[in-house]
Amino acid sequence: MKEVITKTGNYHKSPNISDYDETYGKFHWDDLQTDIRKINIAYEAVDRHCNDPATKDKTAVRFIRKTGNVEDYSYEELRLATNRFANVLKSLGIKKAEAVFCLLPRIPELFQTIFGTLKNQNVFSPLFSAFGPEPILQRMLRGNAKVMVTTESLYKKKIMQIRGDAPTLEHVILVADRGRKHEFENVLWWDDLMQTASEDFSLEMTDAEDLALMHFTSGTTGKPKGALHVHKAVMMHEMTGKFALDIHADDVFWCTADAGWVTGTSYGIISPLVNGATNLCVEAEFNANEWINILREQKVNIWYTAPTAIRMLMRADLQDTFPIQLEDLRFIASVGEPLFPEAVRWGIKAFNMPIHDNWWQTETGGIMISNYAAMDIKPGSMGKPLPGVQAFILKENEDGTVSEITKPNVEGMLSIKKGWPSMFRGYLNQPEKYESCFKGEYYLSGDLAKKDEDGYFWFVGRSDDVIKTSGHLIGPFEVESAFMEHPAIADAAVIGKPDEITGNIIKAFVVLKKNITQSEQVRNDIMGFVRKKLGAVVAPKEMDFVNELPNTRSGKVMRRLLKARELGLPEGDTSTLLTQEKS
């Protein structure tokens, strides 16, 4: 019998989904919007709210700068600023469907760039500000970048030396670093362009299937893939924000993700604005006590973050005693890597509410499976599918076809039936790769999972992460979850290491908490603890202590990188590593 946590916490208002089964059964995409043939993400997120005097002057985005300064933009102010940038692009001759790349931190110009780009019917492609020159160049080349918007310092450090290698790049627009410090050749300055641009822009609605967003996903050994999304995806941004994240129009919403990752764009920018909330945007990077202060001072209602951040909070020396008093906070969600059961329980201890896991991918464009505000949680489970989303556990048959696994708790391929609005429409210039993601009407996620008797989905692992040992298939998440229950462990990951006898042995990499010193006694205690929980077959045969795991900024542990380093193999694309920023 799996552990069940009934809803708890500061539920100040009725959840948007009060009865999951009823909402799921009645929901139809056609009911969300009567005419989806013409649509524009920027209009739905910004301009639409300015048609109503009650919301026109409401704070759309509150920026907290590294300096501590706070800058508020109303929906009307955001509309006028994004009109200006749309006119900038138009004056530069940037045509429909041409790509505008963005390498910016979480500052106001980021929001003005994305919505101005979409208003001008261009394709917006965000990049991590932590990327080095080579990952930036790879993405600009693959995406035929016409415009790059970045800061003065990032240009000097990361783009200036590679600009000549990007033949399609016509314009570089620089945001000054609090007063221009450099003079560059062949660049345009943001302030100069925006000051002369008109606030009037005639926004033409795009076709629902027109390209809007291009997100790059890191490859295992080759170059990154560009996943393409259309304006129709905004329907998913609205619905999932409302149902999965429980956003109400009077909420203060904070997503900690960088816009260079799809979560930072879909839920750090678009979704809260489409739902009419006030979107909090914090420029500074992670600081445990500062984050708690922000949650309290800004009266955040909904907080969407990543497992990496949660694990760092669990390891931090927080000034507050538990449970931390955050009277306004009512919902916490996490995405990026499956959330260990221990982290869900820690949420109750630390915040008097569980942390709600959900599952989706760059390719799905929006949340697919989630734990909801009014639904009981099974720690370690991804939850249940969103209304309008049909999720299945499939097996591949001998003839190459697929069929549904209906028996509970049997592992198989996690798949989604085609038809949701934010499904990616292709990989840039890789049609064969795109087609390989589908079997008939099913999108094959590449993840392995199982579905229990109550309809909850459980993550097992990436298909290429699953370990075969002594004839058994072992998902890394189950093993890592057992490690995380040991009181000395702050983080853990496992890989399969080739072995002549068993095929593979399971090897673990463990990060100890700050107050724990590495020793043979600690090692033996951990290995005995895990062996008792998992049994001799599943328990790792080897374990190394490490100072940190290779995490991406989206919260994923790069197990393939651990394996490559262990076996002396090529590391492949490491451009999304969190530790890149430290260099």
Side-chain angles (χ1 to χ4, degrees), residues 29 33 35-47 82 85-86 88-90 92-103 110-111 113-127 138-149 166 168-171 201 203-217 223-238 259-267 269-271 274 360-366 418-435 437-438 443:
W29 287 114
Q33 186 167 315
D35 184 3
I36 60 170
R37 290 172 295 176
K38 296 288 184 179
I39 198 169
N40 186 288
I41 292 175
Y43 176 81
E44 299 297 328
V46 181
D47 293 33
T82 55
F85 188 67
V88 166
L89 294 175
K90 190 174 183 179
L92 295 175
I94 308 304
K95 299 178 177 61
K96 179 178 179 178
E98 290 185 330
V100 176
F101 277 60
C102 179
L103 186 73
L110 168 64
F111 282 64
T113 299
I114 178 174
F115 292 123
T117 297
L118 296 174
K119 285 184 175 183
N120 198 47
Q121 301 190 17
N122 305 126
V123 178
F124 177 78
S125 186
L127 301 176
Q138 286 183 12
R139 287 156 175 80
M140 287 198 300
L141 290 173
R142 295 181 74 82
N144 296 316
K146 284 285 185 178
V147 178
M148 167 62 79
V149 183
T168 65
L169 185 62
E170 296 179 357
H171 304 285
F201 184 82
L203 194 161
E204 297 180 15
M205 292 299 184
T206 54
D207 290 335
E209 291 297 319
D210 281 349
L211 291 181
L213 305 169
M214 178 164 52
H215 292 287
F216 284 91
T217 63
K223 294 181 179 180
K225 306 183 293 292
L228 303 172
H229 293 277
V230 298
H231 279 272
K232 187 179 179 180
V234 74
M235 296 172 63
M236 200 77 189
H237 299 144
E238 178 181 16
W261 178 41
V262 65
T263 296
T265 299
S266 294
Y267 296 100
I269 299 177
I270 299 172
S271 180
V274 174
W360 58 294
Q361 299 177 320
T362 301
E363 288 82 355
T364 70
K418 290 180 180 179
W420 74 97
S422 61
M423 185 184 83
F424 73 131
R425 299 305 197 262
Y427 285 127
L428 186 65
N429 301 323
Q430 293 181 288
E432 292 181 359
K433 181 67 176 175
Y434 179 71
E435 291 300 323
C437 295
F438 298 89
Y443 163 66

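No side-chain heavy atom of D47 sits under 4.5 Å from any side-chain heavy atom of N40. Put simply, the side chain of W360 does not reach to within 4.5 Å of the side chain of S422, judged on heavy atoms. Side-chain contact between T364 and Y443 is present, with at least one heavy-atom pair separated by less than 4.5 Å. Looking only at side-chain heavy atoms (C-beta outward), M235 and W420 stay at 4.5 Å or farther from each other. Between F85 and V149, some side-chain heavy-atom pair lies under the 4.5 Å cut-off. Contact of the T362 side chain with the K225 side chain is not registered, since no non-hydrogen atoms from C-beta on lie closer than 4.5 Å. You'll find the side chain of F201 reaches within 4.5 Å of the side chain of N120, heavy atoms only. Side-chain contact between M236 and H229: absent, with no pair of heavy atoms (C-beta onward) separated by less than 4.5 Å.
When all heavy atoms of F216 and R139 are compared, the closest pair comes out as CZ-O, 3.5 Å. Considering all non-hydrogen atoms of both residues, Y427 and C437 come closest at CE1-SG, 3.7 Å. Heavy-atom minimum distance, C102 versus F124: CB-CE1, 3.6 Å. Between I269 and A259, the shortest heavy-atom distance links the atoms CD1-CB, 4.1 Å. When all heavy atoms are compared, the tightest approach of I114 to T265 is CD1-CG2, 3.8 Å.
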Run the side chain to side chain contact (heavy atoms under 4.5 Å, CB included) test on F438 and M423 for me, step by step, so that the C-alpha distance in whole Å, both residues' side-chain angles and the decisive distance to 0.1 Å come before the verdict.
CA-CA 12 Å; F438 298 89; M423 185 184 83; 3.8 Å; yes
Give the intermediate values and the outcome of side chain to side chain contact (heavy atoms under 4.5 Å, CB included) for residues T117 and V147.
CA-CA 10 Å; T117 297; V147 178; over 6 Å; no
May I have the step-by-step check of side chain to side chain contact (heavy atoms under 4.5 Å, CB included) for M214 and R142, ending in yes or no?
CA-CA 11 Å; M214 178 164 52; R142 295 181 74 82; over 6 Å; no
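For the atom pair CZ of F101 and CG of N144, the computed distance is 8.0 Å after rounding to the nearest 0.5 Å. The distance from atom CG of N122 to atom OG1 of T206, rounded to the nearest 0.5 Å, is 11.5 Å. A distance of 5.5 Å separates CE of M148 from CG of L103, quoted to the nearest 0.5 Å. Taken to the nearest 0.5 Å, the CD atom of E204 stands 13.0 Å off from the NZ atom of K119. Here K90 contributes atom NZ and L92 contributes atom CG; the two are 12.5 Å apart, rounded to the nearest 0.5 Å. For the atom pair H237 NE2 and Y267 OH, the distance stands at 6.0 Å (nearest 0.5 Å).
For the salt bridge (charged side-chain N to carboxylate O under 4.0 Å, His left out) test, residues two or more places apart in sequence or in another chain that qualify with E98 are K146. For the salt bridge (charged side-chain N to carboxylate O under 4.0 Å, His left out) test, residues two or more places apart in sequence or in another chain that qualify with K96 are D210.
For K418, the NZ atom is densely surrounded, since the number of other residues' heavy atoms within 6.0 Å is greater than 12.
Classified by interplanar angle (parallel below 30°, tilted 30° to 60°, perpendicular above 60°), the ring pair Y434/F424 is perpendicular.
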